[in-house]
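What's counted below: heavy atoms across the whole structure, side chains too, no hydrogens, waters or symmetry copies. Within every chain, numbering begins at 1; the chains are lettered A, B, ... in the order of the sequence lines, protein sequences first and strands thereafter.
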There are 2 protein chains.
Amino acid sequence: MNKVFKALSDPTRRRVLQLLRDRPMSAGELAEHFSVSKPTMSAHFAVLREADLVDASKNGKSVIYRLKLSVLEDALLAFTGAIGLELKPDAAPNTEKETS
Amino acid sequence: MNKVFKALSDPTRRRVLQLLRDRPMSAGELAEHFSVSKPTMSAHFAVLREADLVDASKNGKSVIYRLKLSVLEDALLAFTGAIGLELKPDAAPNTEKETS
DNA sequence: CATTCATTTAGATAATTAGCTAATTATCTA
DNA sequence: TAGATAATTAGCTAATTATCTAAATGAATG
């Protein structure tokens with residue numbers, strides 16, 4: 001859980017997660033949304049992978065990142081639960097486009 | 001919101017919030033729960049104040065810290081909302097002892 | 001098979017952070 | 001008013017972080 005919160009402490013990384021909410025995206029595609037260098041973005045992706053918040057899979061020349069929503073949800077619920085902030089899952093509709 | 005997430009990125013500070021969930025506590029009382037020096041704890045309190053996650057009030061020689069649950073809740077809901085993680089407030093039962 | 005394209009690794013740097021001890025400030029009490 | 005007590009500020013260090021450019025890796029394609 002610590003790694004998740006560390007990962008969330010940077011606005012660039014939070015925004016990456018937000019972008020991945022709609023659909024999986026390649027590293028380069030994600031990087032286009034930010035004004036920092038590719039290697040810097042690559043380092044941010046590594047932090048997100050390390051926290052298990054995203055999944056990376058290679059597709060040809062690209063690396064596709066996917067949001068692991070459940071990991072985020074679990075960490076947030078664990079924390080809010082411990083704090084006495086009873087947010088609870090809302091059988092949450094997922095906005096992502098269907099892959100099937 | 002960035003300051004809130006920065007504040008939450010340290011386990012000591014998350015634990016402080018957790019302790020304050022039960023009741024307001026003085027700086028010294030809080031510090032007893034940790035194995036770091038008082039000045040270090042004081043710095044952590046400053047970060048939490050800066051993020052508006054706690055309220056500090058002087059009472060004689062002591063400084064009493066209180067959790068500002070709503071600020072935490074707002075930040076978390078703003079983020080989870082943006083991410084498409086529809087946690088929602090649960091009319092949360094507050095464990096804190098009544099002050100009235 | 002040499003080139004191009006996508007991404008990551010290496011290596012450097014500046015800024016931030018968490019930690020410490022010592023000193024200061026503010027308040028209470030004998 | 002002279003301690004004693006609670007907390008913060010000052011000043012320091014070591015570790016981590018976000019950033020960069022240049023180089024390396026891996027995969028597709030002429």
Side-chain angles (χ1 to χ4, degrees), chain A residues 1-20 22-68 72 75 79, chain B residues 1-20 22-68 72 75 79:
Chain A
M1 185 171 96
N2 195 33
K3 280 182 179 175
V4 170
F5 278 97
K6 277 277 171 28
L8 295 181
S9 72
D10 184 280
T12 296
R13 288 191 293 262
R14 288 198 303 276
R15 184 93 183 89
V16 167
L17 297 178
Q18 213 174 117
L19 289 167
L20 290 179
D22 295 329
R23 59 188 171 82
M25 285 173 77
S26 72
E29 205 174 354
L30 284 166
E32 279 172 14
H33 291 80
F34 302 87
S35 53
V36 299
S37 72
K38 303 280 194 77
T40 295
M41 288 307 296
S42 194
H44 283 307
F45 300 149
V47 173
L48 292 171
R49 281 192 317 260
E50 190 63 29
D52 201 31
L53 285 169
V54 300
D55 172 83
S57 61
K58 192 146 198 176
N59 183 277
K61 280 183 277 195
S62 299
V63 172
I64 306 298
Y65 284 102
R66 277 179 185 74
L67 178 58
K68 294 177 80 168
L72 184 57
F79 174 66
Chain B
M1 183 171 95
N2 195 32
K3 281 182 179 176
V4 170
F5 278 97
K6 275 280 172 24
L8 294 181
S9 72
D10 184 278
T12 296
R13 288 191 294 262
R14 288 198 302 277
R15 184 92 183 91
V16 167
L17 297 178
Q18 213 176 115
L19 289 167
L20 290 179
D22 294 329
R23 59 189 171 83
M25 284 173 77
S26 72
E29 205 174 355
L30 283 166
E32 279 173 14
H33 290 81
F34 301 87
S35 51
V36 300
S37 72
K38 303 279 194 78
T40 294
M41 289 307 297
S42 195
H44 282 307
F45 300 149
V47 172
L48 291 171
R49 279 191 322 257
E50 189 63 28
D52 201 30
L53 285 168
V54 300
D55 171 84
S57 61
K58 191 145 199 177
N59 183 278
K61 281 182 276 193
S62 298
V63 172
I64 306 300
Y65 285 101
R66 278 179 184 73
L67 178 58
K68 294 176 78 169
L72 182 57
F79 174 67

Side chain proximity check, [X] to [Y], heavy atoms < 4.5 angstrom:
X     : Y     : value
A/V47 : A/R13 : yes
A/E29 : A/R23 : yes
B/F34 : B/H44 : no
B/L17 : B/L53 : yes

remark   = By the Watson-Crick or G-U definition, both distances under 3.5 Å, D/dA10 is matched with C/dT21
ask   = Which one is paired to C/dC28, where only Watson-Crick or G-U wobble pairs with both distances under 3.5 angstrom count?
value = D/dG3
message = Under 4.0 Å, heavy atom to any atom of DNA chain D: which of residues 49-63 of chain B qualify?
response = B/R49, B/K61, B/S62, B/V63
query = Mind checking what makes side chain to side chain donor-acceptor pair (under 3.5 Å) contact with B/D52, not counting sequence neighbours?
reply = B/K68
request  = Identify the two heavy atoms, one from A/A51 and one from A/V4, that lie closest to each other, and give their separation to 0.1 Å.
outcome  = O-CG2, 3.8 Å
Heavy-atom pair with the smallest gap, counting every atom of B/A75 and B/M1 = O-SD, 3.8 Å
ask   = When the ring planes of A/F45 and A/Y65 are compared, do they come out parallel, tilted or perpendicular, using 30° and 60° as the limits?
value = tilted
note = Closest to the 5' end of DNA chain C, once B/K38 and A/A43 are matched to their nearest nucleotides, is A/A43
request  = With heavy atoms under 4.0 Å as the rule, sort B/Y65 into base, sugar-phosphate or nothing.
outcome  = sugar-phosphate
message = Applying a 4.0 Å non-hydrogen cut-off, can you work out what B/S26 is touching in the nucleic acid: base, sugar-phosphate, or nothing?
response = sugar-phosphate
query = chain A on DNA chain C: first and last contacting nucleotide, 5' to 3', under 4.0 Å to a heavy atom?
reply = C/dC5 to C/dT9
